[in-house]
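First comes the structure, then the notes that go with it.
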Amino acid sequence: MKRDIKVCKFGGTSVASSQQFKQIQHIVSLDNTRKIIVVSAPGKIADSQAKVTDLLYLLYEHIKYDTDYRHLLHQITDRFIEIKNNLGLSFDVKQYMSDLSKNLSKTVHRDWLVSRGEYLTAKLMSEFLGYTFLDSYQHIFVNYDKQIDYDKTESTMAKINVDHGIVMPGFYATTPNKDVTLLSRGGSDTTASIIAYALNVKAYENFTDVNGVYVTDPTIVKDAKIIPALNYSEIKELSYRGAKLFHQEAITPVAKRDIPIIIKNTNQPEEAGTIISSNASPKEHIVTAISGKKEFTIFNITKTGDEAKTKILQSIITIFMRHNIEIEHIPSGIDSFSVIVSHDQVDTSKFMIMSQLSELDGIERIDIEESLALIAVVGKNMAKTPGVAGKLFSALGNAKINIKVIAQSSTELSVIVGVDEPDYSDAITTIYHTFFE
């Protein structure tokens, strides 16, 4: 049975200043079921100002390479002092940072140091809201492979009294050997999701700086609509394909218990936002959303006609695995394969890979194409509607956009098209106007 409480996560822009702290206090006061607050480290207030997490990573690098880091320490301290002083809080930021500075040597643990951004934010937020501070170090656990230890985390969280409200830092957890470990970037989403799972809450509200999940990138399509509802598989596909609003790894814990995720705007909390759940999906549109990423590389491989296709394909995959490269797609013809990978994974090894591929028996030709963009057209309703792919390809053809890659799953949750990077924005705009106007 679900508990009648909510987990609320506030990202970096939502905790960037004392004014944003006041906005969070207002949001919490509007709903007495908002009992668990998870916070990131302060983000940018202005474009010229760095995120606290970035400053902490930079601080670690300065320490590691024996470079003067005092200016970074001052910048980090000043961000928290601004919040503390403007809100009249008692937590002694100066003393904490002074004590921290005494431990800054080349042996300092990187993950512990970087996690101090979330830690300090949570300490200040808990005092400001009058909630209890709980350190994620003592309540969120991972195994040696950095996978969440759900049993231990759930057992520990079950002992917590949340009636009067708690605040927890996001982004880090504890390893079996008692070290602090960072979750992947954007990990505060995951922290909140794990807590929601462990306490089996009624909802997980993720507060950010936009009104919800857009149909596509609003910097490309200025009038892009907000999606009112998505299911877990759709948001997971969108996140994997390039949408940056919600961390992909944060979906699994809440999906296990069908806890809805609600994406809302910290500065416009009255807006409905986007609801993500097991069966939510807008019915008025065939396509739910459009997402994409640039900077992919294609290895085009041609085999001889008398060589077994399966055997060569197995050998090709083995070479990429040897280099720890994740393959995105392998479109194939009768005597050809195109292996698509992220450019940054092969930037330093592509010529070595080409050399190793050329040594395989039965390989006739290899060439590389770079500057490919992959666009995913995602929607649960596509599987029930014939002709979606045809409509998509026709629209791109009429816009004179050359499709270099086509990939489609049997469930038709998504259709992937590859285009040259210069055509990326035009392709997304064309697809949007084809299915949403």
Side-chain angles (χ1 to χ4, degrees), residues 2-15 20 24 27-28 31 33-43 53 115 117-119 121-123 125-126 129 131-142 147-150 153-154 156-158 160 162 165-174 181-210 212-213 230 232 235-236 239 244-266 269 273-277:
K2 286 188 169 37
R3 300 177 67 173
D4 189 26
I5 54 176
K6 295 177 181 176
V7 172
C8 301
K9 178 261 178 176
F10 292 91
T13 55
S14 299
V15 297
Q20 289 298 95
I24 291 171
I27 289 169
V28 171
D31 185 343
T33 67
R34 289 171 173 151
K35 294 296 187 183
I36 303 108
I37 309 300
V38 177
V39 292
S40 299
T53 298
S115 73
E118 278 73 17
Y119 177 88
T121 306
K123 291 292 284 188
M125 184 65 73
S126 63
L129 295 179
Y131 280 15
T132 301
F133 169 81
L134 290 182
D135 195 348
S136 295
Y137 176 78
Q138 297 171 320
H139 297 87
I140 309 294
F141 302 94
V142 297
Q147 297 300 306
I148 300 300
D149 186 336
Y150 284 100
T153 299
E154 187 174 5
T156 304
M157 290 298 300
I160 303 303
V162 302
I166 61 173
V167 176
M168 295 180 67
F171 193 33
Y172 66 92
T174 306
T181 186
L182 297 177
L183 304 175
S184 54
R185 200 70 185 258
S188 293
D189 287 352
T190 306
T191 303
S193 182
I194 294 162
I195 295 167
Y197 167 89
L199 295 176
N200 197 18
V201 302
K202 69 176 182 180
Y204 164 21
E205 293 181 320
N206 188 291
F207 286 89
T208 181
D209 55 2
V210 293
V213 180
L230 287 160
Y232 298 123
I235 191 65
K236 199 168 186 177
S239 297
K244 298 176 181 177
L245 188 59
F246 194 75
H247 201 263
Q248 184 186 348
E249 293 176 11
I251 300 162
T252 302
V254 289
K256 288 175 183 283
R257 288 192 165 155
D258 197 14
I259 297 167
I261 305 164
I262 307 166
I263 310 290
K264 294 179 72 69
N265 191 334
T266 302
T274 298
I275 297 175
I276 304 163
S277 64

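None of these values were measured; they are calculated from a predicted model.
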Checklist outcome for this item: Closest heavy-atom pair, Ala41 versus Gly117, reported as atoms and distance to 0.1 Å, is CB-C, 3.6 Å

Checklist entry - Quick one: side chain to side chain donor-acceptor pair (under 3.5 Å) pairs with a partner in residues 191-201, sequence neighbours left out? => result none

Item to check | Those residues that, when tested against Glu249, pass salt bridge (Lys or Arg N to Asp or Glu O under 4.0 Å) (two or more places apart) | outcome: none

Checklist entry - Excluding sequence neighbours, so at least two apart, what forms side-chain hydrogen bond (donor to acceptor under 3.5 Å, both in side chains) with Thr181? => result Lys146

Checklist entry - Has the side chain of Lys264 got a donor or acceptor atom that lies under 3.5 Å from a matching backbone atom of Gly273? => result no

Next on the checklist: side chain to side chain contact (heavy atoms under 4.5 Å, CB included) for Ile140 and Ile195? Distances and angles first, verdict last.
Outcome noted: CA-CA 8 Å; Ile140 309 294; Ile195 295 167; 3.9 Å; yes

Next on the checklist: Applying salt bridge (Lys or Arg N to Asp or Glu O under 4.0 Å), can you list everything that pairs with Asp258, at least two apart in sequence or on another chain?
Outcome noted: none

Item to check | Which residues share a side-chain contact (heavy atoms from CB on, under 4.5 Å) with Ser126, sequence neighbours left out | outcome: Phe133, Val167

Checklist entry - Between NZ of Lys6 and CD1 of Ile36, what distance do you get to the nearest 0.5 Å? => result 11.5 Å

Next on the checklist: Please find the pair of heavy atoms, one from Glu154 and one from Ala198, that lie closest to each other, and give the distance.
Outcome noted: CG-O, 3.7 Å

Item to check | Under the side-chain hydrogen bond (donor to acceptor under 3.5 Å, both in side chains) test, residues paired with Thr174 that sit two or more places apart | outcome: none

Item to check | Intermediate values then yes/no, side chain to side chain contact (heavy atoms under 4.5 Å, CB included), Asp189 and Tyr204 | outcome: CA-CA 10 Å; Asp189 287 352; Tyr204 164 21; 3.9 Å; yes

Next on the checklist: Can you give me the closest heavy-atom contact between Pro253 and Ala250, atom names plus distance?
Outcome noted: CD-O, 3.6 Å

Checklist entry - Who are the side-chain hydrogen bond (donor to acceptor under 3.5 Å, both in side chains) partners of Ser14, not counting sequence neighbours? => result Thr266

Checklist entry - Once you round to the nearest 0.5 Å, how far does OH of Tyr172 lie from CG of Leu182? => result 10.0 Å

Next on the checklist: Going by the rule side-chain hydrogen bond (donor to acceptor under 3.5 Å, both in side chains), which residues pair with Thr33 if we only count those two or more places apart in sequence or in a different chain?
Outcome noted: Asp31

Checklist entry - Taking only residues two or more places apart in sequence or in another chain, which ones pass side-chain contact (heavy atoms from CB on, under 4.5 Å) with Gln138? => result Asp135

Checklist entry - Does the side chain of Thr121 come within less than 4.5 Å of Pro169's, by heavy atoms? => result no

Next on the checklist: Any non-hydrogen side-chain atom of Lys256 less than 4.5 Å from a side-chain atom of Tyr150?
Outcome noted: yes

Next on the checklist: What's the separation between atom CG in Leu129 and atom CD1 in Ile37, rounded to the nearest 0.5 Å?
Outcome noted: 6.5 Å

Item to check | Ile27 backbone acceptor or donor facing Arg34 side chain under 3.5 Å | outcome: yes

Checklist outcome for this item: To the nearest 0.5 Å, atom CG of Asp209 lies from atom CD of Gln20 at 9.5 Å

Item to check | Reported CZ-to-OG distance for the pair Phe10 and Ser40, which is rounded to 0.5 angstrom | outcome: 11.0 Å

Next on the checklist: If I compare all heavy atoms of Val38 with all of Ser188, which pair ends up nearest, and what's the gap?
Outcome noted: CG1-O, 4.0 Å

Item to check | All salt bridge (Lys or Arg N to Asp or Glu O under 4.0 Å) counterparts of Lys202, not counting sequence neighbours | outcome: Asp4

Checklist outcome for this item: Smallest heavy-atom separation, Pro260 atom then Ile275 atom, equals CB-CG2, 4.4 Å

Checklist entry - Quick one: side-chain contact (heavy atoms from CB on, under 4.5 Å) partners of Arg3, sequence neighbours excluded? => result Ile5, Val162, Leu199

Checklist entry - Side chains of Ile166 and Tyr131: closer than 4.5 Å at any heavy-atom pair? => result no

Next on the checklist: Tell me which one of Ile259, Ile262, Ile235, Asn206 satisfies side-chain contact (heavy atoms from CB on, under 4.5 Å) with Ile276.
Outcome noted: Ile235

Next on the checklist: Using side-chain heavy atoms (C-beta onward) and a distance below 4.5 Å, is Thr252 in contact with Lys236?
Outcome noted: yes

Checklist entry - Rounded to the nearest 0.5 Å, how far apart are CD1 of Ile261 and CG of Leu230? => result 9.5 Å

Checklist entry - Between Thr53 and Glu118, which heavy-atom pair has the shortest distance, and what is it? => result OG1-OE2, 3.9 Å

